[in-house]
Amino acid sequence: MTVLETRPHPIDRPQGGSLIGQFEYGLDAPICLTWELTYACNLSCAHCLSSSGRRDPNELSTEQCEAVIDELQRMKVFYVNIGGGEPTIRPDFWHLLEYAVNHDVGVKFSTNGVRINPERAAFLASTDYVDVQISLDGATAEVNDYVRGPGSYDMAIKALTNLRDAGFQDAKISVVVTRQNVEQLDEFKALADEYGATLRLTRLRPSGRGADVWDELHPLPEQQRVLYDWLLANGENVLTGDSFFHLAAFGEALPGLNLCGAGRVVCLIDPVGAVYACPFAIHDNFYAGSIVTDGGFERVWQNSELFNELRSPQTSGACTKCEFFDSCRGGCMAAKFFTGLPIDGPDPECVQGYGESALEGSRTVPPASQDHSRRSPARNQPVMLTLARREDLVAPPVSACAEGPLAGFIP
Amino acid sequence: MLDEAWDLSPSVSLRPEPFGALAYHFGNRRLTFLKRPELVSVVRGLGSHDDVRSALAAADVPPAQWTAYVGALRGLADTDMIRPRATAGPIEGNDT
Ligand code: SF4
Ligand code: SF4
């Protein structure tokens, strides 16, 4: 993708109308920016969205990272979601955290907990504008370690304990909803309550290594319903990153922003400074440019050809005829792309059932365009031996609700 | 509210956008969207006018719409995006 020299002629943007309508045409700066600081990781989760493991030799230096923060401050990107890899294993992580906060860029960072010892927890408790999100993909060690690897449950719980003991307010427990843990939604909620934390549920996308395990991990059609009902019942107290808007086609729309924000209000800066349309779209097809070689982040955000295409009216193929199109909008672009479905058709998890038939048809799953997975298996690598699943599941599962691209905002 | 003096909260920053502006409150971390350029002018002008009425007039908002604008301003006040000004009289425009 190329970054144009000058800003393309602005597309005719309608005045007034709904906020979502405006968002479709893009914003001058993102409101949900994810920045992955490193591809290095101490774990090797089976479904890692960024295929992380090894550090990339071209990782941005401390100075380059500071320059990114300076630019975000100028652009008034008021906060950034930091992830990885495992961001806290970068030796300058704590420095960059303070640097960002001191430059009016609030930070929410995701971690598996490996470096959240009592000292760091006390430091975090003493800062403003920092949110901590601990990843946990099972309410029990058995379910969690199945995908995240042996010892990862204990590591996360230890971090949550340290944060609570240090008086850190309102940590987030971030759960990717899978076929195996969708039955544990009430348990997750109880766990969050126990640690004074907020539960955040997000959707599993077939991105990165997730593409290899999606068929086995993504919630089954009847589980989608369970998730939806749980979200409707428990929505107010749970964050979702607005990631479940494809479930809106069950009827009532879930609270939050029902829109794919990729390249419009959402984007990703990767550890080497490459900009992609969305954290779940690390692929050449969604590459917008490089902050290193294309003149900085603002230029890429405003001038990338890809982003300007995404901000133009889209065709939605078969979905346009669907009565739920207004709230579902054809679902997630990344989920379609990485399962080999057409971007202008239904989501692979379309709750009206069109996804399943599309998945059965002929399709080619696109090859990955980057992989930072470790080359040799790590000691704590998940084994994914079959985990027994209660076939009788009927009742209560899921909860979730409010953390999409716009989590926490009242449009 | 029309006769009261208001101002943008000191912890709020406004970011211009094609549809209006985005307001971010560094204290409560709320993000709010000001969906009309006129509302942005009013909000920006609050601090430099004696009262809300003159801020609305200065932004060329037709009087027939003032009630609606006061409603929008009350919404902004609920999340501390704007707050009543303690000292009466115009002060320096606030453009954090
Ligand atoms: S809907 Fe999918 S592609 Fe769009 S922003 Fe969300 S995760 Fe990314
Ligand atoms: S057909 Fe398309 S718009 Fe309708 S529910 Fe399925 S994915 Fe959503």
Side-chain angles (χ1 to χ4, degrees), chain A residues 7 10-33 72-81 100-108 127-131 169-170 239 256-257 264-265 298 301-302 311 402-411, chain B residues 6-44 46-47 56 59-62 64-83 93-96:
Chain A
R7 233 182 143 174
I11 328 154
D12 270 337
R13 173 190 289 266
Q15 282 296 302
S18 72
L19 206 48
I20 287 199
Q22 289 294 331
F23 286 174
E24 287 189 320
Y25 288 87
L27 298 183
D28 281 359
I31 43 184
C32 185
L33 171 64
L72 297 182
Q73 181 181 26
R74 276 197 305 277
M75 292 173 75
K76 298 194 177 188
V77 173
F78 302 116
Y79 72 83
V80 58
N81 305 303
V101 168
N102 292 337
H103 286 78
D104 290 344
V105 180
V107 171
K108 174 162 84 184
T127 52
D128 266 339
Y129 308 134
V130 176
D131 258 334
Q169 303 286 318
D170 199 24
L239 305 170
L257 180 76
R264 296 157 158 172
V265 299
E298 185 166 24
W301 174 262
Q302 296 188 344
R311 294 165 195 165
E403 232 241 315
L406 292 196
F409 315 160
I410 314 283
Chain B
W6 283 70
D7 201 354
L8 199 60
S9 296
S11 20
V12 169
S13 180
L14 289 181
R15 176 172 114 194
E17 284 294 344
F19 58 83
L22 195 151
Y24 184 72
H25 192 298
F26 281 96
N28 61 27
R29 301 192 216 168
R30 297 291 277 265
L31 188 53
T32 304
F33 300 91
L34 309 183
K35 284 188 268 183
R36 311 188 72 94
E38 297 81 4
L39 181 58
V40 182
S41 308
V42 173
V43 166
R44 283 192 191 280
L46 285 176
L56 285 165
D60 289 329
V61 176
Q65 294 177 17
W66 286 7
T67 320
Y69 273 77
V70 165
L73 291 172
R74 285 203 191 288
L76 292 171
D78 287 344
T79 48
D80 190 44
M81 292 293 167
I82 59 172
R83 50 171 74 161
N94 185 333
D95 188 15
T96 35

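Numbers restart at 1 for each chain; the letters A, B, ... are given by sequence-line order, proteins then strands. Hydrogens, waters and symmetry mates are skipped; everything else that's a heavy atom, side chains included, is used.
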Of all heavy-atom pairs linking A/Ile31 and B/Arg15, the shortest is CG2-NH2, 3.7 Å

| message | Counting C-beta onward and ignoring hydrogens, is there a side-chain heavy-atom pair between B/Phe26 and A/Asp128 closer than 4.5 Å? | response | no

Nearest heavy-atom contact between A/Asp28 and B/Pro16 is OD2-O, 4.0 Å

Check whether any side-chain heavy atom of B/Ser13 sits under 4.5 Å from a side-chain heavy atom of A/Phe78, and report yes or no.
-> yes

Taken in chain and number order and not counting sequence neighbours, the residues that satisfy side-chain contact (heavy atoms from CB on, under 4.5 Å) with B/Glu38 are B/Arg36, B/Val61, B/Tyr69

* Donor-acceptor under 3.5 Å (A/Lys76 side chain, B/Leu14 main chain) -> yes

To the nearest 0.5 Å, atom CZ of B/Arg29 lies from atom CG of A/Asp131 at 4.5 Å

d(A/Phe23 CZ, B/Glu17 CD) to nearest 0.5 Å is 8.5 Å

* B/Tyr24 side chain reached by A/Asp104 side chain, heavy atoms, under 4.5 Å -> no

